[in-house]
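The structure appears below as C-alpha cells.
Worth saying up front: this structure is predicted, and the values here are computed from it rather than measured. All values below were derived from every heavy atom in this structure, side-chain atoms included, with hydrogens, water molecules and symmetry-related copies excluded.
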Amino acid sequence: MRGYAAAFAAELRTVRRDRGALLVLVGAVLLYAAFYPLPYLPEVLKEVPVAVVDADHSALSRRLVRMVDAHELVAVRFEVPTLAEAEALVRSGRAGGILAIPDGLERDVRRGERATVGAFADAAYFLVYRQALTGLAEAVGTLSAGIEIRRLHAAGLSEAQARAAREPVPLLLRPLFNPAEGYASYIVPSVLVLILQQTLLIGIGLLAGTARERGEGGTTASPLATTLGRATFYLALYALHALLYFGVVVRVFGFPHHGRPGALAAFALPFLLAVIFLALAASHLFGRRETAIQALLFTSLPAVFLAGFSWPPEAIPTWLRLGSYLLPSTAGIAGFLRLDQMGSSLAEVRTEWLVLWGLTATYFSLAWFAAARRPARGSSGPPPGRE
Amino acid sequence: MVGQPIYPLLLVVLPLVAFGVLWAIFRQGVPRDLPVAVLDRDGTALSRQLVRMIEASPTMRVAFRVASEGEGERLVREGRAYALVTVPADLERAVRRGEAIPVVCHYNAQLLLPASLVRRDLRGVVGTLSAGVELRRRHGAGTPRAVAMAQLEPVRTERHTLFNPELSYLSYLLAALLPAMLQVFVLVAAVQALGSELKDGTGAAWLAAAGGRIAKAVLGKLLPATVHFWLMGLAMVAVLFHALELPLRGSLGAIVAGTLLFVLAVEAVGLALVAWLANLRFATSAAAFLAGPAFAFSGITFPVAAMPLAARAWGALIPLTHFLRVMVDQAMRGAPVAVSSLPLAALAAFALMLPAASLGRLRRVATNERLWGRP
C-alpha cells in the first residue's frame, strides 16, 4: 500500500516537473478541444456554387433556375452558354455542379413529353458532390412534381389523390441522432476520444524515454504497487479530461449528447485503464524522449479510419478489423459514440465494454510484467537530488 | 544517420506499415452490403418485392428481419444495423385503392458515410418500385407506356458524376491520405535530423564539418532525406496511379514536380521549427501539432471554401493543403497545368522563404552551447 501511494505521488511530481509532459498530458488535451473542431464548425455545407447552361431560355427554364438558386444547398453563381465552359468552371474548382437545361424543355413539357435535365456534380470532393447533386435533383423534382400535380388537379383529382397518383409508394426518411447531418457533430466527438488516447500514449512514452535517457530506473518498490499507483494517477488526471470533453466541450459546440453520466463513467473506466496500461507497457519500448511522439504520430490517421465512425467496419478486411481491436480507440470510439451521440444504454455497448475490460486485463499484465522485468524508471524511488 | 535504430524505423518501416494499413482499409473502394434491418408489417407480394429489391441493391444487405420497431431501433443503437426500413401494414391494399402510405426509413445519421449510401440506394429502390406500380396502373388503364412515363415524371434529372464515376474512396480518400502520411514522415525525419544536433550537442562539429557554412551543413544533412522521400513520394504516385489504376487525367509532370516541392516545403517547415524553437522535443511536439490534424484542414473532407477564416488561414500554412490541390486538380479533374501553378508556387515559397528566414537563426542556435542537450 505504501508503494502504491508513493508511486502515485512520485508520478504527480514527475509530471509537474516536466514541462514537455505537461504540454502533452494537459496542454494538448485543452488546445485540441478548441482547435480541432475549427474547420468543421459550419456543420452543413450549403450554397455550393453551380453553373447553369440554359439552352431553352423559356419562362419554365428561368423558373427552374430560380428554384435551384433558392435551394439552400446550392447557389447559381455562373450562367454560361455551353456545357464545355461549365465543365471548365468545375475543372478549375470554381463551381461544384452544373445544371444543363436542354433546348425545348418548355415545349416538351407543354406537349406532355418527358423532358430531361442534366445535373453534373464534382466527385473530386464527395461532400461537394453530394450537396450539389442533392440540391439540383431536389429542385428539379419539385418543379416536376408541381407540373404533374397541376395536371392531375386539372383532371379532377383532389390534392391527396394527386399525390398518391404520382407517388404510390412514397419514402419517408427519418435521420436519427444527428438529424441535421452536421459534419462537426459527426467527426469531432470521436476524434476527442482519439485525442485522449494519443496524448496519454505520447505523454507516458515521453516520460519513459526521458527517464531512459537520464539512465534512471531501478526501484525497490514492488512492480505491482508501482504499476497500479502510476495508473491511478493517470486515471485521475484523465477522468478530469473526460469530464471536460463529455461534460463541457460537446455542450459548448452543441454536438448531440444524450449519454447518461453514470453510463459514460462506467464506459470511460475500462477505456482509460486500457489506454493507460497500454501506454505503460509500450513505454518500455521508447529509449529516447521524442521517440514516442514520432512513432505514435504515424498511428493517428489509420486509427481514425479503423475506428468505424467514418469508414464502415464492414468494408475493412476481417484480419485488420480484428487487429484494430488491439487499439483501445476502436472499441472506445464506437462505444462513446453510441452512448453519448446516439443515446444507447450501457447494455447496448456491452460488447465494446467487455472488449475494453479484456484489453485492460491484457495490457495490465504486460505493464506489470515489463515493470517487474526491467523497471522503466525510478518514479517511485526518491526523486533525484532529494535524497 | 543509419547507425541509430530510430532512422530505419522512421524512414522505412513505419511509413510502409502506415501506407499498407491505409491501403488495406480502403481496398474495397466502395462500401457494399451494409447491414440494415427490415420490419415488414405488410407481408404481401408487393412488400416482399421491396425487401428483395433492398437485398439486391449494392449498398444494402437485409441482415435482420425484425418483429417490432423497438427491436429494429435497438439494432441501430447497438451499431449492428445502419437503418431500419419499415414497410407499413396495408401497403399493397393502399396502393390498390390509390392511397399513398409511406415506407419509413430510420437511419443512423450520426455515421454520415453509410447514411448517405443507404439513403441514396433506398431512394432508388423505393422510387423504382413506386414508378413501376404507377406505370402498370396507367398502362392498365390504356395509356401507352411512353406517355405514362412522361406523365409520371414530366421533368427527369439525369445525374452525371464528374471525375470519379464509381465514387471510389480509393481515388477520393486514399489518394489524399497517403500524402498526409508522407507529410508526417518527412516532417518527423527532418526535425529529428536537424534537432538531434542540438540535443546531442554536436551542432558546432556539424557546422565545422561543412566549413562553417550553415546552408551547406543543412543541405548535406537533408539531401539524402530529400532524395529518399521524393523517391517514396514517387513510389506512392506509382502505387496510386499504376498499381491501383486510379485515374490520372492531367499532367504527370506537375505531380512529379509537385511531389519534390512538397517534400522540400515540409522539410523547410521542419527546419524552421528546429531553428525557432531551438529544442528537439519542442520542435517534435510542434511538428505533431502541425501534422496530426493537418488532414482536417486540407479541405478534402470539408471544403476549404466553407471553413471559417481562421481554419482556412491555418490550412494555408500547411504544405499538405497545397499539394492535395495539385493532386486533385491534376490526377482527378485533369485540370490545365495553369490551374495548379498557384499551389505549386505556394510550395516553392515554403521551400525558399522558410530557409531564408531560418538559416541564420539555426546557425546561432546550433553553436549556442546553452541550447544543447535540453530535454
Starting at CG of A:L297, measure out to CG of B:L187 and round the result to the nearest 0.5 Å.
8.0 Å

Structural part of A:E138 lying under 4.5 Å from a heavy atom of chain B
side chain

To check you understand the geometry: which heavy-atom pair defines the closest contact between A:P312 and B:L113, and what is its length?
CD-CD2, 4.0 Å

As a quick check of understanding, evaluate salt bridge (Lys or Arg N to Asp or Glu O under 4.0 Å) for B:R138 and A:E148, giving each step before the final call.
CA-CA 14 Å; B:R138 294 189 191 191; A:E148 199 191 352; 3.2 Å; yes

Quick check on the interface: out of B:D329, B:L34, B:T161, B:V133, who has the most heavy-atom pairs with chain A under 4.5 Å?
B:T161

Need one label for B:S168: side chain, backbone, both or neither, based on atoms under 4.5 Å from any heavy atom in chain A.
backbone

Contact class of B:V17 relative to chain A, heavy atoms under 4.5 angstrom:
neither

Can you tell me how far the OG1 atom of B:T301 sits from the CG atom of A:L45, to the nearest 0.5 Å?
11.0 Å

Going from CZ on B:R281 to CG on A:D18, what distance comes out if it is rounded to the nearest 0.5 angstrom?
6.0 Å

In terms of heavy-atom proximity below 4.5 Å to chain B, should A:L105 be classed as side chain, backbone, both, or neither?
side chain

Whether the side chain of B:Q110 engages the backbone of A:S185 through a donor-acceptor N/O pair (distance < 3.5 Å, no angle test) should be reported.
yes

Separation of A:Y40 OH from B:F297 CZ (nearest 0.5 Å):
8.0 Å

Are side-chain heavy atoms of B:R119 and A:R130 found at a separation under 4.5 Å?
yes

For the residue pair A:F305 and B:F295, does the interplanar ring angle fall in the parallel (under 30°), tilted (30 to 60°) or perpendicular (over 60°) class?
perpendicular

Scanning both residues in full, the closest heavy-atom pair of A:W319 with B:A24 reads CZ2-CB, 4.0 Å

Heavy-atom proximity to chain B below 4.5 Å, by part of A:V90:
both

Which pair of non-hydrogen atoms, one from B:A180 and one from A:L301, has the smallest distance, and what is that distance?
CB-CD1, 3.7 Å

With a 4.5 angstrom heavy-atom cut-off, which part of A:S92 approaches chain B: side chain, backbone, both or neither?
both

So, the part of A:V128 with a heavy atom under 4.5 Å from chain B: the answer is side chain

If one checks every heavy atom of B:V21 against chain A at 4.5 Å, the contacting part turns out to be both

Side chain, backbone, both or neither of A:P313 within contact of chain B (heavy atoms, under 4.5 Å)
both

So, the part of B:V104 with a heavy atom under 4.5 Å from chain A: the answer is both

Can you tell me which portion of B:F289 sits under 4.5 Å from chain A's heavy atoms? Options are side chain, backbone, both or neither.
both

With a 4.5 angstrom heavy-atom cut-off, could you sort out which part of A:E113 is near chain B: side chain, backbone, both or neither?
backbone

Based on non-hydrogen pairs under 4.5 Å, which of B:R156, B:E158, B:M307 is most in contact with chain A?
B:R156

Where do A:G93 and B:R333 come nearest, in terms of heavy atoms and distance?
CA-NH1, 3.6 Å

Where is the tightest heavy-atom contact between B:R137 and A:A165, given as atom of each residue plus distance?
NH2-CA, 4.0 Å

Which bit of A:I202 is near chain B, if near means a heavy-atom gap under 4.5 Å: side chain, backbone, both or neither?
neither

Step through the shown structure and confirm whether more than 12 heavy atoms of other residues, nucleotides or ligands are within 6.0 Å of CZ on A:R94.
no

Atom of A:P175, atom of B:A109 and distance for their closest heavy-atom approach:
CB-CB, 3.7 Å

One option among B:A131, B:P154, B:P102 has the most heavy-atom pairs under 4.5 Å with chain A, and it is B:P154

B:N108 vs A:L176 side-chain heavy atoms within contact, under 4.5 Å:
no

Side chain, backbone, both or neither: which part of B:L84 has a non-hydrogen atom closer than 4.5 Å to chain A?
neither

Sort A:L60 into side chain, backbone, both or neither according to what part of it lies under 4.5 angstrom from a heavy atom of chain B.
neither

Proximity breakdown for B:T86 and chain A, heavy-atom pairs closer than 4.5 Å
neither

Contact origin within B:E99 toward chain A - heavy atom pairs under 4.5 Å
backbone

Validation row, ring centre A:Y129 to ring centre B:F163 under 6.0 Å:
no

Within the structure provided, determine whether A:E314 and B:P35 are in side-chain contact (heavy-atom separation under 4.5 Å).
yes

Result for ring pair (Phe, Tyr, Trp, His ring centres under 6.0 Å) between B:F302 and one of A:Y186, A:F126, A:Y183 points to A:Y183

Where does the angle between the aromatic ring planes of B:W314 and A:F35 fall among parallel (under 30°), tilted (30 to 60°) and perpendicular (over 60°)?
perpendicular

Check whether B:P15 gets within reach of chain A through its side chain, its backbone, both or neither, counting any heavy atom under 4.5 Å.
both

Approximate separation, where rounding is to 0.5 Å, of B:E78 CD and A:R350 CZ:
5.0 Å

Top of B:Q28, B:M332, B:E134, B:R312 for chain A proximity - count of heavy-atom pairs under 4.5 angstrom:
B:E134

Between B:R32, B:E73, B:R74, the one whose heavy-atom pairs under 4.5 Å with chain A are most numerous
B:R74

Side-chain contact test, heavy atoms from C-beta onward, threshold under 4.5 Å: evaluate it for B:V103 versus A:V169 and give yes or no.
yes

Between B:I25 and A:L306, is there a side-chain heavy-atom distance shorter than 4.5 Å?
yes

Considering only heavy atoms and a distance below 4.5 Å, find which of B:G292, B:S116, B:A310 pairs most often with chain A.
B:S116

Selection from A:Q198, A:R174, A:Q161 maximising heavy-atom pairs under 4.5 Å formed with chain B:
A:R174

Can you tell which part of B:L91 gets under 4.5 Å to a heavy atom of chain A, answering side chain, backbone, both or neither?
side chain

Interface moiety of B:L14 toward chain A, non-hydrogen atoms closer than 4.5 Å
both

Pick whichever of A:L136, A:T299, A:L337, A:V24 has the most heavy-atom pairs under 4.5 Å with chain B.
A:L337

Using non-hydrogen atoms only, which part of A:L99 is less than 4.5 Å away from chain B: side chain, backbone, both, or neither?
neither

Proximity breakdown for B:V339 and chain A, heavy-atom pairs closer than 4.5 Å
side chain

Main-chain N/O of A:S344 paired with B:R77 side-chain donor or acceptor, under 3.5 Å:
no

Taking the side chain as C-beta and beyond, is there a heavy-atom pair between B:L112 and A:L127 under 4.5 Å?
no

Separation of A:F177 CZ from B:H106 NE2 (nearest 0.5 Å):
9.5 Å

Indicate yes or no: does B:E153 engage A:R114 in a salt bridge with an N to O separation below 4.0 Å.
yes

Where on A:L171 is there a heavy atom nearer than 4.5 Å to chain B: the side chain, the backbone, both, or neither?
both

Given heavy-atom pairs under 4.5 angstrom as the criterion, report whether the side chain, backbone, both or neither of B:R123 touches chain A.
both

With a 4.5 angstrom heavy-atom cut-off, could you sort out which part of B:R27 is near chain A: side chain, backbone, both or neither?
side chain

